[in-house]
Amino acid sequence: MIDLSGKTALVTGGSRGIGRAVSMRLAEAGASVVILDRSDWSLPEDRSCSAAIRARGGRAESRELDVADSAQVDAVIGALAAERPIDILVNNAGVLHSGTTTETTDEVWRHQFAVNVDGTFFCTRAVIRTMLAADRGGKIVNISSISGLRANPGFAAYCASKAAIVNFTRQAGIDYAAQGINVNGVAPGFVETDMTSIYGPDIRAALEGQTPNGRWATPEQIADSVLFLASPLADHICGEVLAVDGGWLVGTPVVVPTASVS
Ligand SMILES: NC(=O)c1ccc[n+]([C@@H]2O[C@H](COP(=O)([O-])OP(=O)(O)OC[C@H]3O[C@@H](n4cnc5c(N)ncnc54)[C@H](O)[C@@H]3O)[C@@H](O)[C@H]2O)c1
């Protein structure tokens, strides 16, 4: 049983989808969760994730944050660190733009990188500074994607942004290992969230057909792996990115006649 009582965990983009499930899991494990998002802080009480956690007896609050705004990130995380030590950061906030290289405008490329890459960097830098000052280690989990570990046709900017997160995770993972700060990542496959609700039944069936276990993940299945990497069970894991994808990266099912050749 993972016990995170006494720990403070920040979850960016924690108001819905994977971030919401991560916030719930961390709170169930006893952490005090701070949801940093464009929206949760302004949602009505019956829809906000922090209110849902509190209604279940957990500890949570929400603060407004645009992760792409460096000054805002420093101000919000600095203010939080002045109140209590930060033990866990989950960089989950992300956006998805499709398009091949020639279809991708400057604006789309910049927005993709501003949220996914700059946001992950700004929050990681700010939190690691507070962790080093507190000298009590910590855990950072970055949400990449299978699209950061393999090319995905028609998603030039998204794939590039998620690949940047993979190597940033590896780099930070070794840079702060000696200080007891574990920086690791999760690379989800296809997950049932608002982000993937744009796919119709035909595309969904095709993607399930490419996945060895034949299913999409629930947000809770991704949250379980984040919980593991945010816990003391991951104390010896540094700069690793764990695929949680039903086997998609390992091998796509291909229907070929079985045969022996000798
Ligand atoms: N859903 C999938 O199949 C899938 C697969 C692989 C990786 N991912 C990644 O998982 C993460 C969560 O995805 P999701 O499916 O839950 O998406 P989602 O769209 O449901 O949620 C994204 C969250 O990020 C927040 N956000 C966006 N821009 C922000 C900003 N500038 N500042 C602060 N918060 C911001 C949104 O408000 C929202 O709460 C993303 O990084 C995504 O790329 C998702």
Side-chain angles (χ1 to χ4, degrees), residues 10-25 33-43 47-50 52 62-77 89-98 108 110-124 126 141-150 152 155 157-166 168-169 185-199 203-204 207-208 210-211 215-223 225-226 229 241-246 248-249:
L10 314 187
V11 182
T12 69
S15 69
R16 69 177 197 215
I18 293 170
R20 186 180 180 99
V22 167
S23 301
M24 293 281 184
R25 277 287 188 272
V33 177
V34 183
I35 291 157
L36 302 171
D37 205 317
R38 302 174 302 186
S39 52
D40 197 63
W41 61 281
S42 63
L43 291 174
R47 284 180 47 217
S48 104
C49 180
S50 58
S62 306
R63 299 210 185 174
E64 181 184 10
L65 180 67
D66 176 355
V67 296
D69 183 333
S70 174
Q72 207 186 108
V73 167
D74 285 347
V76 169
I77 289 176
L89 165 69
V90 181
N91 281 305
N92 164 80
V95 292
L96 169 77
H97 291 294
S98 62
V108 162
R110 287 199 192 100
H111 184 238
Q112 188 67 83
F113 270 68
V115 179
N116 292 15
V117 185
D118 297 2
T120 298
F121 165 64
F122 293 152
C123 293
T124 301
V141 184
N142 297 328
I143 306 299
S144 176
S145 167
I146 50 174
S147 300
L149 293 163
R150 224 194 82 168
N152 216 352
F155 288 86
Y158 184 74
C159 286
S161 75
K162 289 298 182 179
I165 291 173
V166 169
F168 174 64
T169 300
V186 170
F190 303 101
V191 191
E192 319 246 11
T193 68
D194 288 349
M195 190 176 267
T196 46
S197 61
I198 50 168
Y199 299 130
I203 293 178
R204 185 181 168 127
L207 294 173
E208 285 170 345
Q210 291 173 7
T211 307
R215 313 189 277 282
W216 285 16
T218 62
E220 289 71 25
Q221 288 173 314
I222 307 304
S225 59
V226 174
L229 290 172
V241 178
L242 175 66
V244 183
D245 64 351
W248 194 83
L249 281 171

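One-based numbering, in listed order, for ligands and for the atoms of each. This one's a predicted model, so the numbers in the text were calculated from it and none came from an experiment.
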**Message:** Can you tell whether the side chains of E220 and R20 come within less than 4.0 Å, N to carboxylate O?
**Reply:**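 Looking at R20 together with E220, the answer is no, because their closest N to O distance does not fall below 4.0 Å.
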**Asked** Got a salt bridge between D66 and R38, using NZ or NE/NH1/NH2 to carboxylate O under 4.0 Å?
**Response**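 Salt bridge between D66 and R38, a charged N being under 4.0 Å from a carboxylate O: no.
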**Message:** At less than 4.0 angstrom from any atom of ligand 1, which residues have a non-hydrogen atom? List them by chain and residue number.
**Reply:**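 The answer is G13, S15, R16, G17, I18, D37, R38, S39, L65, D66, V67, N92, A93, G94, V95, V115, I143, S144, S145, Y158, K162, P188, G189, F190, V191, T193, D194, M195, T196, counting any residue whose heavy atom sits under 4.0 Å from ligand 1.
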**Item:** L10 CG to L65 CG distance, which is reported to the nearest 0.5 Å
**Value:**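 Here the rounded value is 9.5 Å.
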**Item:** T12 and N92 side chains, donor-acceptor separation under 3.5 Å
**Value:**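 No pair is found: no donor N or O on one side chain lies under 3.5 Å from an acceptor on the other.
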**Message:** Under a plain distance cut-off of 3.5 Å, with no hydrogens placed, do S147 and N152 share a side-chain donor-acceptor pair?
**Reply:**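 A pair is found: one side chain offers a donor N or O, the other an acceptor, under 3.5 Å apart.
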**Asked** Picking from V226, I165, T120, what satisfies side chain to side chain contact (heavy atoms under 4.5 Å, CB included) with I143?
**Response**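 Single side chain to side chain contact (heavy atoms under 4.5 Å, CB included) partner of I143 among V226, I165, T120: V226.
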